[in-house]
J.: 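Pasting a structure here, questions to come.
Just follow the structure's listing: the first ligand is 1, and inside any ligand the first atom is 1.
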Amino acid sequence: MKFTIAIDGPAAAGKGTISKAVAAHFTFAHLDTGLLYRATGRKVMAGMEPLQAARALQPEDLEREDLRSAEVAEAASKVAVIPEVRAALVAFQHAFARRDGGAVLDGRDIGTVICPDAEVKLFVTASAEVRARRRFLELTASGDATRFETVLADVMARDKRDAERDTAPMKAADDAVLIDTSELSIEAAVAKAIEVIGARLA
Ligand code: DC
C-alpha cells in the first residue's frame, strides 16, 4: 500500500513529535526532511560547496549526532534557499514518499512541492513566542545558557527566511488541515492528527 502523509510547519511547532507519533501509530516509515538540509548545511560549515554537499549526501549523513544545534539550523535554512540544492534532494524524498507500507514526511514544502498528491496533508503551527519558549526550555535544560530574546529572534529570522524564499517557501497547502499547537498539549495534537489520518485511511 502506498499512502503519503505530508506534515509541514515552522520550527518547534511540534511537527517532529507529531510525525514520529503518527508514524509509530500507523507503522509507517518516517523521514524528517529537515535533516537533509541540516546534513547539507553541516558539510558547508566544514568547507564544502552547497550543491556539491547536497549531491554528495549519503543516508548515514542523516545519522550524525551534531545536526541539532542552532548553528546547523541556521546553515540549513541558508542552503535551503538555493534552488539547485533543493532540486538535488527531490528524488530521495519522492522515493521515500512512495515506498510500500506508507510514509510520513515532515518539512516545509512537502504538501505544496514534494508531494502535492499526498493522501493527507497537515500544517502544524504555533505562535513564534510559544515556539521560542519551547526551544528556550529545551536549550536551558541541556545546559545552554542562552537568553529567551535571542532564541525568539532566531526563530523569527528562520521563519522569515523559510517563508519568504522564492523557491518552495514554507506555506500551508490549500488542502492541508491546520493544527495550531499554541494552546494544545502534545497528546491532544497527536490525537487530532491521528483522527484526521484515520478518517482518510478508512
Ligand atoms: O525542520 P528543521 O528545523 O530541521 O529544518 C531546518 C531547515 O531546513 C529549515 O529552517 C528550512 C529547511 N527545510 C526546508 O527548506 N524544507 C524542508 N522540507 C525541510 C527543512
J.: Could you name the protein residues that come within less than 4.0 Å of ligand 1, counting only heavy atoms, and order them by chain and residue number?
T.: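 For ligand 1, the contacting residues are Lys15, Thr33, Gly34, Tyr37, Arg38, Ala76, Ser77, Ala80, Arg86, Gly107, Arg108, Asp109, Arg158, Asp162, Arg165.
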J.: Pairs in or reaching into residues 26-44: which pass salt bridge (charged side-chain N to carboxylate O under 4.0 Å, His left out), with residues at least two apart or in two chains?
T.: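 Checked against salt bridge (charged side-chain N to carboxylate O under 4.0 Å, His left out) - neighbours excluded - the pairs reaching residues 26-44 are Asp32-Arg68, Arg42-Asp66, Lys43-Asp61.
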J.: Once salt bridge (charged side-chain N to carboxylate O under 4.0 Å, His left out) is applied, what residue pairs with a partner in residues 75-90 remain, sequence neighbours excluded?
T.: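 For residues 75-90: Glu74-Lys78, Arg86-Asp109.
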J.: Got a sec, which pairs hit salt bridge (charged side-chain N to carboxylate O under 4.0 Å, His left out) with one end in residues 128-148, sequence neighbours left out?
T.: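 Qualifying pairs: Arg131-Asp159, Arg135-Glu138, Arg147-Glu149.
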J.: With distance as the sole criterion, is a donor-acceptor pair present between the side chains of Arg158 and Ser77 under 3.5 Å?
T.: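 The criterion, which ignores hydrogens and geometry beyond distance, is not satisfied for Ser77 and Arg158.
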J.: Going from OG1 on Thr33 to CD1 on Ile110, what distance comes out if it is rounded to the nearest 0.5 angstrom?
T.: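 Between Thr33 OG1 and Ile110 CD1, I get 4.0 Å after rounding to 0.5 Å.
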J.: Nearest 0.5 angstrom please: Leu89 CG to Thr40 OG1, how far?
T.: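 Spacing of CG (Leu89) from OG1 (Thr40) equals 5.0 Å.
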